[in-house]
> 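Once you've had a glance at the structure underneath, I'll fire off some questions.
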Amino acid sequence: MAEYVAAGDTTAASCSSSVGSVNCATGAAGAPNAGSNFLIYWDDDEWRELENGTSITKVGGGTLLSCSDCGSCNGSKSTPTLTADLLGDWREELVLRQSDNAALKVFTTTTVTKRRIYTLMHDPTYRAQVAFENSAYNQPPHVGFHIGVGMANPPVPNITIVK
């Protein structure tokens, strides 16, 4: 995976289970491996957090969410049921199955953010990625514009109401 994950980073890092973290701009070895499983926009900043198994952590920080009574999917990769901006403030929700498979649980952040952009589901690239995440190879969805340090205002969504 490659993304902005460490607060203050001005370049993305690429992380893999075999080589650790590599700065995408310079190719230099970076911090210890941040993980290579899943990413999620969770708290109030524009850096993505790490979603591994049934927990969300911040690079260089602690655990932001842990669900001990939940299970992940696909034992080898431990993916969530779904990550997506379901509630519409640009941060993503985490959907996990209960360990006994009796329920689905939807987790959302309660952290207030100053960043004001439209719901990510208005972005066609993101919407297609969410569908792809749930119907093909399970990877975190990505937007069709930059979210992070120095980001410009995202493109205005082309939404038409049909009556």
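Note that this is a predicted model, so its numbers are computed, not measured. Residues: numbered from 1 along the sequence shown.
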> Following the transitive rule for hydrophobic clusters with a side-chain heavy-atom cut-off under 4.5 Å over Ile, Leu, Val, Met, Phe, Trp and Tyr, establish whether M151 and L120 coincide in one cluster.
yes
> Any pair with a residue in residues 82-102 that passes salt bridge (charged side-chain N to carboxylate O under 4.0 Å, His left out), sequence neighbours left out, goes on the list, sorted by first then second residue, please.
R48-E92, D89-R91
> The criterion is side-chain contact (heavy atoms from CB on, under 4.5 Å); which residues satisfy it with P157, sequence neighbours excluded?
Y118, H122, I159
> For F145 and P154, which heavy atoms make the closest approach, and how far apart are they?
CE1-CB, 3.5 Å
> Between T54 and C67, is there a donor-acceptor pair closer than 3.5 Å when you use the side chain of the first and the backbone of the second?
yes
> R116 versus T113: any side-chain heavy-atom pair under 4.5 Å?
yes
> With a 3.5 Å distance limit and no angle check, can you tell me whether S99 reaches the backbone of D69 through a side-chain donor-acceptor pair?
yes
> Treating Ile, Leu, Val, Met, Phe, Trp and Tyr as nodes and any side-chain heavy-atom pair under 4.5 angstrom as an edge, say whether L87 and L104 lie in one connected cluster.
no
> Can you find a pair of side-chain heavy atoms, one from K58 and one from D45, that are under 4.5 Å apart?
yes
> For a 4.5 angstrom cut-off between non-hydrogen side-chain atoms, does S78 reach N52?
no
> Taking ILVMFWY side chains as joined if any heavy atoms are under 4.5 angstrom apart, and letting links pass through other members, which residues group with L64?
I40, W42, I56, L65, L94, L96, F107
> How long is the gap from OG1 on T109 to CG on D43, to the nearest 0.5 Å?
6.5 Å
> Scan E51, Q139, E133 and name whichever one has a side-chain hydrogen bond (donor to acceptor under 3.5 Å, both in side chains) with T83.
E133
